[in-house]
There are 2 protein chains.
Amino acid sequence: MRVVTALGGNALLRRGEPLTAGNQRRNVKIACEALAPIADKHDLVISHGNGPQVGLLALQGAAYKPDEVYPLDILDAETEGMIGYLIEQELGNLVPEERHCATILTQIEVDPKDPAFKHPSKPIGPIYSEAEAERLRQERGWSIAPDGEHYRRVVPSPRPQKIFELSVIELLVGQGVIVICAGGGGIPTVSLAGGAIMGVDAVIDKDLASSLLAKDLKAEALIMLTDVEAVQKDWGKPQARAIRRISPEALKSFSFAEGSMGPKVEAAMEFVEQSGGIAGIGKLKDAGAILEGKTGTLVDRNATEVVWWD
Amino acid sequence: MRVVTALGGNALLRRGEPLTAGNQRRNVKIACEALAPIADKHDLVISHGNGPQVGLLALQGAAYKPDEVYPLDILDAETEGMIGYLIEQELGNLVPEERHCATILTQIEVDPKDPAFKHPSKPIGPIYSEAEAERLRQERGWSIAPDGEHYRRVVPSPRPQKIFELSVIELLVGQGVIVICAGGGGIPTVSLAGGAIMGVDAVIDKDLASSLLAKDLKAEALIMLTDVEAVQKDWGKPQARAIRRISPEALKSFSFAEGSMGPKVEAAMEFVEQSGGIAGIGKLKDAGAILEGKTGTLVDRNATEVVWWD
């Protein structure tokens with residue numbers, strides 16, 4: 001089976017934890033311990049988020065030379081190197097030596113007219129108090145949005161349209177290489193007149209990018225790994241119920257928070273509707289069990305009724 | 001023909017120029033205009049330096065949180081993403097659409113007992129005055145060494161021993177993909193007991209890494225691109241003469257500066273002696289002409305006498 005797994009930026013960094021090199025490596029190692037058993041049985045492609053990391057690099061740049069902060073396409077590329085390296089090294093240490101891993105820099109085309117450019121919504125970097133956030137909005141011209149009880153910087157998050165390195169990724173996956181790609185949702189680029197491409201100042205949602213990747217690679221499964229057990233209907237309310245198995249049609253009739261579960265549910269529905277594969281959502285440590293339907297939420301065209309956990 | 005080209009960090013950033021995103025992109029574009037004609041005729045593999053860039057990332061990190069500066073293996077990985085991205089995008093805009101480019105994150109094994117760990121010699125980051133350099137040495141514990149009239153931070157630069165992603169690179173090059181890899185000389189790693197690998201705080205010389213890469217890939221040519229026209233015997237002296245064509249044996253009898261031309265000459269000799277291919281050294285803009293022997297220095301086993309430019 002060909003499996004695409006998407007690691008949440010939050011799964012790679014626990015809430016409130018400082019983004020040190022040591023913390024990142026420890027969390028990546030835990031993630032890789034969950035992925036290694038999947039690699040043992042299946043062809044595996046790994047994508048990952050970069051919200052906390054790309055925000056950190058922007059802050060580092062601003063602290064050094066506020067007038068020379070790099071645009072997000074370049075910072076996205078830096079995070080593909082950094083996080084890809086940690087995943088490749090830690091996972092490489094867990095799989096048999098003859099099983100090769102490769103991290104492929106990934107550029108993804110977006111539409112320059114995507115409405116997201118006018119409505120920044122993707123949170124990056126650390127959380128701020130209301131007063132700090134307001135100061136940063138004024139000093140740096142950032143867009144700011146609430147995130148739970150706190151505030152975060154938000155940036156444009158256009159929809160992924162086309163993966164430029166697809167044929168290279170396909171070639172390697174076909175040879176049994178474990179491929180780490182589309183990191184941070186891929187580097188957003190737009191097509192210019194004459195066919196050239198150019199990076200843009202944005203961050204693509206990694207779940208939507210992973211859904212496109214899974215579809216294009218004709219994967220049988222897409223697993224999105226985060227810090228919640230399963231998708232819940234009426235999340236946070238007394239009547240909340242965790243979904244075990246559901247069809248994309250039934251899932252479409254529910255509504256989910258835009259910032260967190262929304263893109264995962266959308267990515268799952270898109271992949272399942274367009275490919276016929278299954279999509280799973282759940283906790284990072286449960287990766288293997290989600291794929292087998294033993295925990296988490298599975299979106300499956302063949303689900304004739306909603307099955308609940310309780 | 002299979003050609004490995006190594007782009008000098010200095011070729012990607014002119015001396016004294018601020019390391020802004022715009023300057024980097026402009027210089028990378030110039031480099032890619034020199035490489036595109038080679039890609040048109042040959043299989044092409046591109047490596048690159050990262051001295052200025054890895055130094056910048058260390059400074060950005062220190063400016064934000066001095067106690068949480070990332071080790072050089074992680075910063076190396078970030079520069080492989082950043083510079084690889086710029087090269088892949090700019091070169092991709094110049095070659096036909098059906099010619100694929102891929103940037104492969106590259107880890108390279110070094111010997112933990114390499115004497116370089118005790119004798120840091122590789123300059124990274126910007127130039128400093130003597131007073132600034134002394135302050136940084138005391139405040140941050142950096143090793144500092146003279147660089148022309150100025151001073152720079154120096155870090156350990158162990159010799160590259162083994163390229164972990166070699167089979168993946170070989171697979172792609174064999175399919176005609178233009179591969180960007182071993183950026184910044186590759187990410188230095190050491191083997192631990194039990195077979196696992198782990199990154200170390202160092203920067204590998206990109207010319208020595210490129211020489212190993214060219215040898216392992218059985219390339220016919222290795223071209224090292226920098227900001228000087230050709231290798232000179234007695235450089236900086238009145239009797240200086242530029243070398244046009246020379247055998248590795250003849251080259252061995254001359255001596256070169258450790259910091260700049262030394263590693264290039266050593267890398268060229270190693271590759272030519274061990275592989276039978278040719279090695280060229282010269283200016284970035286002359287890449288194609290160096291390969292044809294029309295400018296720059298060619299190291300060639302078949303050179304029976306030293307041929308000079310004059």
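So that the names make sense, note that chain A is the first sequence line, chain B the second, and so on, each numbered from 1.
With a threshold of 4.5 angstrom between heavy atoms, B:Thr106 does not approach chain A through any atom at all. Neither the backbone nor the side chain of A:Glu90 has a heavy atom closer than 4.5 Å to any heavy atom of chain B. Both the backbone and the side chain of A:Thr20 come within contact range of chain B, with heavy atoms under 4.5 Å apart. Looking at A:Ile187, the atoms closer than 4.5 Å to chain B (heavy atoms on both sides) all sit in the side chain, from C-beta outward. Only the side chain of A:Thr189 comes within less than 4.5 Å of a heavy atom in chain B; its backbone stays farther off. Looking at A:Leu19, the atoms closer than 4.5 Å to chain B (heavy atoms on both sides) sit in the backbone and in the side chain alike. In this structure, chain B has heavy atoms under 4.5 Å from both the backbone and the side chain of A:Asp73.
Top candidate by heavy-atom pairs under 4.5 Å with chain A, chosen from B:Val177, B:Leu59, B:Ile104, is B:Leu59. Considering only heavy-atom pairs separated by less than 4.5 Å from chain B, the leading option among A:Pro71, A:Ala62, A:Ala196 is A:Ala196.
Annotation for A:Lys162 and B:Glu97: closest pair NZ-OE2, 4.3 Å, computed over non-hydrogen atoms. Annotation for B:Ala102 and A:Val168: closest pair CB-CG1, 3.8 Å, computed over non-hydrogen atoms. Taking both residues in full, the closest heavy atoms of B:Glu165 and A:Cys101 are given as CG-O, 4.3 Å, listed atom of the first, atom of the second, then distance.
Taking CG from B:Asn93 and CG from A:Leu192, the interatomic distance works out to 7.0 Å, rounded to the nearest 0.5 Å. For the atom pair CD (B:Gln24) and CD1 (A:Ile74), the distance works out to 6.5 Å, reported to the nearest 0.5 Å. Remark: B:Met82 CE to A:Tyr70 OH distance equals 5.5 Å, nearest 0.5 Å. The CG atom of B:Leu171 sits 5.0 Å away from the CG atom of A:Leu171 when rounded to the nearest 0.5 Å. With rounding to the nearest 0.5 angstrom, the CG atom of B:Leu105 is 13.0 Å from the SG atom of A:Cys181. In this structure, OG1 in B:Thr103 is found 7.5 Å from CD in A:Gln107, a value given to the nearest 0.5 Å.
The side-chain contact (heavy atoms from CB on, under 4.5 Å) test with A:Gln60 singles out one residue from B:Glu68, B:Gln60, B:Lys65, and that residue is B:Gln60.
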**Step-by-step side chain to side chain contact (heavy atoms under 4.5 Å, CB included) determination, A:Tyr85 to B:Asp76** = CA-CA 10 Å; A:Tyr85 162 58; B:Asp76 281 332; over 6 Å; no
**Request:** Go through A:Glu78 and B:Leu57 one step at a time and tell me if the side chain to side chain contact (heavy atoms under 4.5 Å, CB included) criterion holds.
**Result:** CA-CA 10 Å; A:Glu78 290 182 39; B:Leu57 295 183; 3.4 Å; yes
